[in-house]
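What follows is a short report on a single structure.
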Amino acid sequence: MHGIGGEFEPGEVWRDTDGAPIQAHGGGVLEYEGTYYWYGENKEGVTDPETGHLAVVGVSCYSSQDLIHWRNEGLALPAAPDDPAHDLHPSQVAERPKVIYNPRTRQFVLWLHVDSPDYTKARAGRAVSASPTGPFTYLGSVRPAGFESRDMTLFQDSDGAAYLFFSSDWNSVIRIARLTDDYLEVSDIHTEAFRSPQRNTGRESPAVFRSGDRCFFIGSGCTGWAPNAAEYAVAPSPLGPWEVKGSPCVGDGAETTFGSQNTFALPLAARPGAVILMLDRWNPRNLSDSRYVWLPLFVAGDTLTVEWRDRWDLSAFDGRP
Ligand code: DGJ
């Protein structure tokens, strides 16, 4: 089990400080004032054996000082069971929540992928809170700059500018839109990357981070819940130009990203060059038992490397460039 001796155990059940399995899938981590906050999809419940749908529960929040022991802070953004027209009604789809802090407005800003069960709604929802643990107030959804938005992430750059990266045009392109200064809308600054000629052959599960003067993008291919090979790219700025580099994974299991799909890359502020790659190992028949795979990601110049570990702690980064 995770936490014994303070180690990550990728793929094993990860329990919170109350002993319950953590429910924070497709998630991301925000570091704020010395505490880490992990936001993700709460997938408690039964996966419909016919449709594969799991009723929306809401966005969970957990807090931690050491990234291993996580306290359940409850639902930061709950589902809206009383309003069938609401994006967060249990009958809908709500995935990949990400939160950033806006120092100008002193608000925590959450974006997530909201969709219909057939994934044709393809919108991005926004919510705000004065506290990292919520409750977040839902502000409705948009088609960013008028485009479809499915898998997405937020990236807050070192200059304070924030960006929405989203799979668009039936997962044939990643669009990148700079957010307005309050982080609540997309601005008219936007571009695209990694265009593929056909539907569902582009990139999903975008994760973006900066290391020094380089930005990195990591994404999966488009095979639903089934794992595939991750691919990464490097650019001088979030808006590109992006140079595709290949898979960051090496060793056994590299071709399926170790049976998982990246969701977020967390650079550790205290350790330059040290990044935790957060991934999901989905269980489509029982989504609530999907597992977390967190692995050390090494940055050396333009090159990213990640390999499997049965267990590890932050000393994995000791002595690395
Ligand atoms: C792949 C996406 O990355 C997931 O977030 C989820 O939407 C599945 N597709 C659903 O099949």
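Because the structure is a prediction, the values reported are computed rather than measured. Just follow the structure's listing: the first ligand is 1, and inside any ligand the first atom is 1.
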Exercise. Please report the C-alpha distance between S172 and Q198 in whole Å, then the side-chain angles of each, then the deciding distance to 0.1 Å, and finally whether the side chain to side chain donor-acceptor pair (under 3.5 Å) criterion is met.
Key: CA-CA 6 Å; S172 64; Q198 287 168 343; over 6 Å; no
Quiz item: Just which atoms of ligand 1 are under 4.0 Å from any heavy atom in G224?
Solution: 1 (C), 9 (N), 11 (O)
Quiz item: Counting each atom of ligand 1 from 1 as listed, which ones have a heavy atom of Y119 under 4.0 Å away?
Solution: 7 (O), 10 (C)
Quiz item: Where do A94 and L88 come nearest, in terms of heavy atoms and distance?
Solution: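 Minimum heavy-atom separation between A94 and L88: CB-CD2, 3.9 Å.
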Self-check item: Closest non-hydrogen atom pair, R281 against G11
Solution: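 Minimum heavy-atom contact is NH1-CA, 3.9 Å.
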Quiz item: Of D151, D115, T263, T223, which has the heavy atom at the shortest distance from atom 2 (C) of ligand 1?
Solution: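 Among D151, D115, T263, T223, the closest heavy atom to atom 2 (C) of ligand 1 comes from D151.
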Ligand 1 versus [X], non-hydrogen atoms closer than 4.0 Å: side chain, backbone, both, neither?
X    : value
Q261 : side chain
W282 : neither
R150 : neither

Quiz item: With a distance cut-off below 6.0 Å to the six-membered ring centre and an angular limit of 45° from the axis, does R175 pair with F147 as a cation-pi contact?
Solution: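 The answer is yes, since R175 meets both limits relative to F147.
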Quiz item: Is it the case that R71 places NZ or CZ above or below the six-membered ring of W38, under 6.0 angstrom from the centre and within 45 degrees of the axis?
Solution: no
Quiz item: Does the separation of the ring centres of Y36 and Y62 fall below 6.0 angstrom?
Solution: no
Quiz item: Which protein heavy atom lies closest to atom 7 (O) of ligand 1, and at what distance to 0.1 Å?
Solution: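 The protein heavy atom lying closest is E95 OE1, 2.7 Å.
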Quiz item: Can you tell me which residue and heavy atom of the protein come closest to atom 5 (O) of ligand 1, and the distance to 0.1 Å?
Solution: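 Of every protein heavy atom, R96 NE, 3.0 Å lies nearest to atom 5 (O) of ligand 1.
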